[in-house]
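These notes are about the structure you will find just below.
Values in this document were obtained by computation on a predicted structure and should not be read as measured data. Basis for what follows: all heavy atoms, side chains included, without hydrogens, waters or symmetry-related copies.
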Amino acid sequence: MAGRVVEAARPINYNGHGFSLLGEKGRFVLPPDFRKNVRDSGAGERVLCLTKHPRWKCLTGFGLGRADLFESELDKLEATAIARGQDFDRELRANQMYGFTRVTFDDSGRFIMPDRYFKLGGIGERAFFLGGGLQFTIWSPDELNRMGEGWEDAREACADLEEQALAGKGRK
């Protein structure tokens with residue numbers, strides 16, 4: 001269904017940030033703003049799509065409707081590579097894009113991350129969610145801290161949210 005990514009004639013975009021500690025029963029919590037957009041993108045389905053980011057040691061998350069845009073994105077990537085005289089492996093990039101895993105989440109946003117994503121994204125017991133437009137990234141704070149120039153705001157947001165999460169955990 002080509003129109004799933006659009007709600008009321010506006011694209012589904014992920015912005016802002018969130019943080020989650022690995023909770024009881026091995027679950028993370030998808031932040032509320034991300035949760036709503038994932039559900040809206042998937043025509044109301046509570047399905048989070050997860051995959052390894054193609055360049056960074058983190059994960060990418062999005063709603064089901066995002067996949068409706070993959071073919072046009074592949075066309076653009078291929079056209080750009082041709083214009084620059086670069087090789088483009090459409091099949092590899094398509095496998096990376098379409099090879100996502102579907103993970104359900106409950107009304108509170110709790111979801112169980114498949115084991116392989118802990119390794120692929122360097123995720124431990126802490127996860128930082130960073131909006132990125134049509135998708136968002138999920139970072140281990142340690143991996144995010146290894147990123148170079150240009151990541152200062154994300155690192156500070158992550159540190160602030162982690163501090164709040166740990167303080168909240170101590171009150172329980």
Determine whether Lys76 and Glu71 satisfy the following criterion, salt bridge (Lys or Arg N to Asp or Glu O under 4.0 Å), listing intermediate values before the conclusion.
CA-CA 9 Å; Lys76 289 177 188 174; Glu71 285 305 314; over 6 Å; no

Common cluster, Leu64/Ile112, ILVMFWY with side-chain heavy-atom separation under 4.5 Å
no

Taking atom NZ of Lys57 and atom NE2 of His53, what is their separation to the nearest 0.5 Å?
14.0 Å

Using a 6.0 Å cut-off, check whether atom CG of Asp115 has over 12 heavy atoms from anything other than its own residue.
no

Got a donor-acceptor contact below 3.5 angstrom from the Ser140 side chain to the Gly122 backbone?
yes

Over all heavy atoms of both residues, which pair between Phe105 and Arg39 is shortest? Give the atoms and the distance, please.
CE1-NH1, 4.2 Å

So, taking the atom named OG1 in Thr51 and the one named CD in Gln135, what distance separates them when rounded to the nearest 0.5 Å?
9.5 Å

Is any side-chain heavy atom of Leu50 closer than 4.5 Å to a side-chain heavy atom of Ile138?
yes

For Asn13 and Leu134, what are the C-alpha separation, side-chain angles and deciding distance, and is it a side chain to side chain contact (heavy atoms under 4.5 Å, CB included)?
CA-CA 5 Å; Asn13 284 305; Leu134 297 175; 3.7 Å; yes

Using the rule given for side-chain hydrogen bond (donor to acceptor under 3.5 Å, both in side chains), can you reason through Arg126 versus Ser20, listing the C-alpha separation, both sets of side-chain angles and the distance that settles it, and then say yes or no?
CA-CA 6 Å; Arg126 305 167 296 152; Ser20 178; over 6 Å; no

So for atom CZ, which belongs to Arg90, do other residues, nucleotides or ligands contribute more than 12 heavy atoms lying within a distance under 6.0 Å?
yes

Compute the centroid of each ring, for Phe136 and then for Tyr14, and state whether the two points are separated by less than 6.0 Å.
yes

Looking only at heavy atoms, what is the nearest atom pair of Ala67 and Phe100, with distance?
CB-CE2, 4.1 Å

Rounded at 0.5 Å granularity, tell me how far CZ in Phe28 sits from CG in Leu48.
12.0 Å

Rounded distance (nearest 0.5 Å) linking atom CG of Asp75 with atom CG of Leu69:
12.0 Å

Within a reach of under 6.0 Å around CD of Glu78, are more than 12 heavy atoms found that belong to other residues, nucleotides or ligands?
yes

Got a second to check how far Arg35's CZ is from Asn37's CG, nearest 0.5 Å?
11.5 Å

Ignoring hydrogens, what is the shortest heavy-atom contact between Leu30 and Phe129? Give both atom names and the distance.
CD1-CE2, 3.9 Å

Ion pair Arg146/Asp142, N-O distance below 4.0 Å
no

Closest approach of Pro31 and Phe19, non-hydrogen atoms and distance?
CG-N, 4.4 Å

Do Val29 and Val38 sit in the same hydrophobic cluster, where Ile, Leu, Val, Met, Phe, Trp and Tyr count as joined when their side-chain heavy atoms come under 4.5 Å apart?
no

As a quick check of understanding, evaluate salt bridge (Lys or Arg N to Asp or Glu O under 4.0 Å) for Asp107 and Arg46, giving each step before the final call.
CA-CA 8 Å; Asp107 286 334; Arg46 290 187 320 246; 2.8 Å; yes

Begin from the C-alpha positions of Glu162 and Phe128 and carry the test side chain to side chain contact (heavy atoms under 4.5 Å, CB included) through to its verdict.
CA-CA 8 Å; Glu162 180 176 19; Phe128 175 67; over 6 Å; no

Are Leu77 and Phe62 joined in one hydrophobic group, where the rule is that I, L, V, M, F, W and Y side chains link up if heavy atoms are under 4.5 Å apart?
yes

Where do Met97 and Leu74 land on the side chain to side chain contact (heavy atoms under 4.5 Å, CB included) test, with the steps shown first?
CA-CA 9 Å; Met97 293 171 80; Leu74 285 165; 3.6 Å; yes

Just wondering, are more than 12 heavy atoms of other shown residues or ligands nearer than 6.0 Å to CD in Glu91?
no

Return the minimal non-hydrogen interatomic distance between Leu144 and Trp151, and the atom names on each side.
CD1-CE3, 3.7 Å

Run the salt-bridge test on Glu73 and Arg66 with the 4.0 Å N-O cut-off and return the result as yes or no.
yes

Starting from the C-alpha separation in whole Å, work towards a yes-or-no answer on side chain to side chain contact (heavy atoms under 4.5 Å, CB included) for Arg116 and Thr101.
CA-CA 11 Å; Arg116 75 177 181 274; Thr101 296; 2.5 Å; yes

From Thr104 atom OG1 to Phe111 atom CZ, the distance as rounded to the nearest 0.5 Å:
10.5 Å

Which heavy atom of Leu21 sits nearest a heavy atom of Ala165, and at what distance?
CD1-O, 3.8 Å

Any donor-acceptor pair under 3.5 Å from Tyr117 side chain to Lys52 backbone
no

Do any N or O atoms from the side chain of Ser41 and from the backbone of Gly65 form a donor-acceptor pair under 3.5 angstrom?
yes

Walk me through whether Arg93 and Asp89 qualify under salt bridge (Lys or Arg N to Asp or Glu O under 4.0 Å).
CA-CA 6 Å; Arg93 189 64 188 114; Asp89 189 336; over 6 Å; no

